[in-house]
A.B. asks: 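Right, I'll just put the structure down here and ask away after.
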Amino acid sequence: MPELIVVLERDEIDRRVARMAARISADYRDRELVCVAILKGAFIFMADLMRRLTIPVRIDFLRAASYGNGTASSGALSLMADIGVDIAGKDVLVVEDIVDSGFTLSRIVEHLKAKGAESVRVCAMIDKRERREVDVVVDYACHVVEQGFLVGYGMDYAERYRELPAVYHLKF
Ligand code: IMP
Ligand code: MG
């Protein structure tokens, strides 16, 4: 059985998400912000983040799957469900669980810009640097790690561990 080692406790996640929400609320004051969460991994992060924002927002979801049941990226973005909200002329904030190679994110950012968004920025629970291949900017990150496979707080390994309230390092 793989071993789970705590990376971020629940309380620490709360503090970091609150701090990020305060920054985002200040940065987007008097703007029309649309938060687009990437399913499934970002669903918990999105729910916590948006309840900490002090500005009005619209939300939507986009479902991408670039991973199979393992930890290796295929590099290709497949869109399983697109957003429905009109983002033309709006400021968009992509809400992602974890940025790894950056392929998924860079393609999503291009996709949203092509829909006419005024601006597209990215916030991620985890910015993982080890395997970054595409030069994407993570504008807001709760936590930066160099390496390792993380689970919990929405993040999975082969669809497991999403329900865990803390973030763990999965050691094989
Ligand atoms: P990228 O395209 O390589 O940046 O892959 C990003 C996506 O892969 C994330 O949205 C996650 O769904 C998944 N992913 C990458 N690293 C991890 C990890 O450490 N734990 C869980 N999911 C991960
Ligand atoms: Mg994801």
Side-chain angles (χ1 to χ4, degrees), residues 1-10 12-14 16-17 20-21 24 34-50 59-83 85 87 92-115 117 120-172:
M1 279 295 281
E3 196 187 342
L4 292 171
I5 297 151
V6 178
V7 173
L8 292 174
E9 297 280 9
R10 195 175 188 160
E12 187 57 31
I13 294 172
D14 283 347
R16 290 177 189 223
V17 171
M20 182 190 278
I24 292 167
V34 183
C35 294
V36 175
I38 312 306
L39 294 173
K40 295 183 245 178
F43 80 111
I44 293 177
F45 178 38
M46 172 74 143
D48 282 350
L49 182 70
M50 64 175 290
I59 64 152
D60 209 338
F61 299 89
L62 185 152
R63 181 141 183 224
S66 60
Y67 276 46
N69 273 347
T71 60
S73 176
S74 68
L77 172 74
S78 67
L79 211 57
M80 296 168 76
D82 203 349
I83 58 168
V85 165
I87 57 167
V92 173
L93 183 65
V94 179
V95 181
E96 185 47 310
D97 52 356
I98 180 165
V99 181
D100 187 9
S101 72
F103 277 119
T104 315
L105 197 57
S106 66
R107 297 214 168 111
I108 287 168
V109 169
E110 280 167 32
H111 174 74
L112 296 171
K113 281 185 177 161
K115 285 176 177 286
V120 181
R121 281 193 193 163
V122 173
C123 75
M125 183 64 209
I126 311 283
D127 182 356
K128 186 164 74 175
R129 302 271 172 84
E130 176 193 31
R131 297 195 298 182
R132 191 66 45 82
E133 289 182 54
V134 181
D135 200 15
V136 284
V137 179
V138 179
D139 300 279
Y140 308 90
C142 283
H143 188 58
V144 177
V145 292
E146 283 308 315
Q147 57 177 358
F149 200 84
L150 306 187
V151 296
Y153 197 67
M155 293 178 286
D156 76 307
Y157 172 68
E159 292 302 331
R160 287 205 53 206
Y161 311 112
R162 290 194 198 275
E163 73 280 12
L164 301 179
V167 172
Y168 297 86
H169 180 192
L170 186 69
K171 278 194 94 172
F172 296 96

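Heads up: numbering here begins at 1 and tracks the sequence. When a ligand or atom number is given, it counts from 1 through the structure's own listing order.
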A.B. asks: Between ligand 1 and Asp156, can you find any atom pair, the residue atom being a heavy atom, that is separated by under 4.0 Å?
C.D. replies: yes
A.B. asks: Any non-hydrogen atom of Ile98 lying under 4.0 Å from ligand 1?
C.D. replies: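 Within the 4.0 Å threshold, so yes.
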A.B. asks: Which of the atoms in ligand 1, numbered in the order shown and given with their element, are less than 4.0 Å from a heavy-atom of Asp97?
C.D. replies: 9 (C), 10 (O), 11 (C), 12 (O)
A.B. asks: Could you work out, for atom 22 (N) of ligand 1, the closest of Tyr161, Phe149, Tyr168, Tyr157 by heavy-atom distance?
C.D. replies: Phe149
A.B. asks: Find out whether Arg16 and Leu8 are in side-chain contact, i.e. whether some heavy atom of one side chain is under 4.5 Å from a heavy atom of the other.
C.D. replies: yes
A.B. asks: Would you please determine whether Leu150 falls within less than 4.0 Å of ligand 1 on a heavy-atom basis?
C.D. replies: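 In this structure, Leu150 qualifies as a contact of ligand 1 - some heavy atom is under 4.0 Å.
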A.B. asks: With heavy-atom distances below 4.0 Å as the criterion, list the atoms of ligand 1 near Ser101.
C.D. replies: 1 (P), 2 (O), 3 (O), 4 (O)
A.B. asks: Which of the numbered atoms in ligand 1 are below 4.0 angstrom from a heavy atom of Glu96?
C.D. replies: 10 (O)
A.B. asks: Enumerate the atoms of ligand 1 whose separation from the nearest heavy atom of Thr104 is less than 4.0 angstrom.
C.D. replies: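 Atoms satisfying the 4.0 Å criterion: 1 (P), 2 (O), 5 (O), 6 (C).
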A.B. asks: Is there a heavy atom of Ile38 sitting under 4.0 angstrom from any atom of ligand 1?
C.D. replies: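 No, Ile38 has no heavy atom closer than 4.0 Å to ligand 1.
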A.B. asks: Would Phe149 and Tyr161 count as a close aromatic pair, with their ring centres under 6.0 Å?
C.D. replies: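 Ring-ring flag for Phe149/Tyr161: false, centres at least 6.0 Å apart.
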A.B. asks: What do you reckon, does Gly41 put a non-hydrogen atom under 4.0 Å from ligand 1?
C.D. replies: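 False for this residue.
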A.B. asks: Quick one: are Val95 and Met50 in side-chain contact, heavy atoms under 4.5 Å?
C.D. replies: no
A.B. asks: Closer than 4.0 Å to some heavy atom of Lys128 - which atoms of ligand 1 meet that?
C.D. replies: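 Once the distances to Lys128 are compared, the set is 16 (N), 17 (C), 18 (C), 19 (O).
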A.B. asks: Does any N or O atom in Leu105 lie less than 3.5 angstrom from one in ligand 1, N or O only?
C.D. replies: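 The answer is no, given that Leu105 and ligand 1 share no N or O pair closer than 3.5 Å.
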A.B. asks: Side-chain contact test, heavy atoms from C-beta onward, threshold under 4.5 Å: evaluate it for Arg132 versus Val99 and give yes or no.
C.D. replies: yes
A.B. asks: Nearest 0.5 Å, what's the CG-CG distance between Asp139 and Leu93?
C.D. replies: 8.0 Å
A.B. asks: Are Val137 and Val122 packed together at the side-chain level, in the sense that at least one heavy-atom pair is separated by less than 4.5 angstrom?
C.D. replies: no
A.B. asks: Are side-chain heavy atoms of Val151 and Arg160 found at a separation under 4.5 Å?
C.D. replies: no
A.B. asks: Once rounded to the nearest 0.5 Å, what's the spacing between atom CD1 of Ile98 and atom CZ of Phe45?
C.D. replies: 11.5 Å
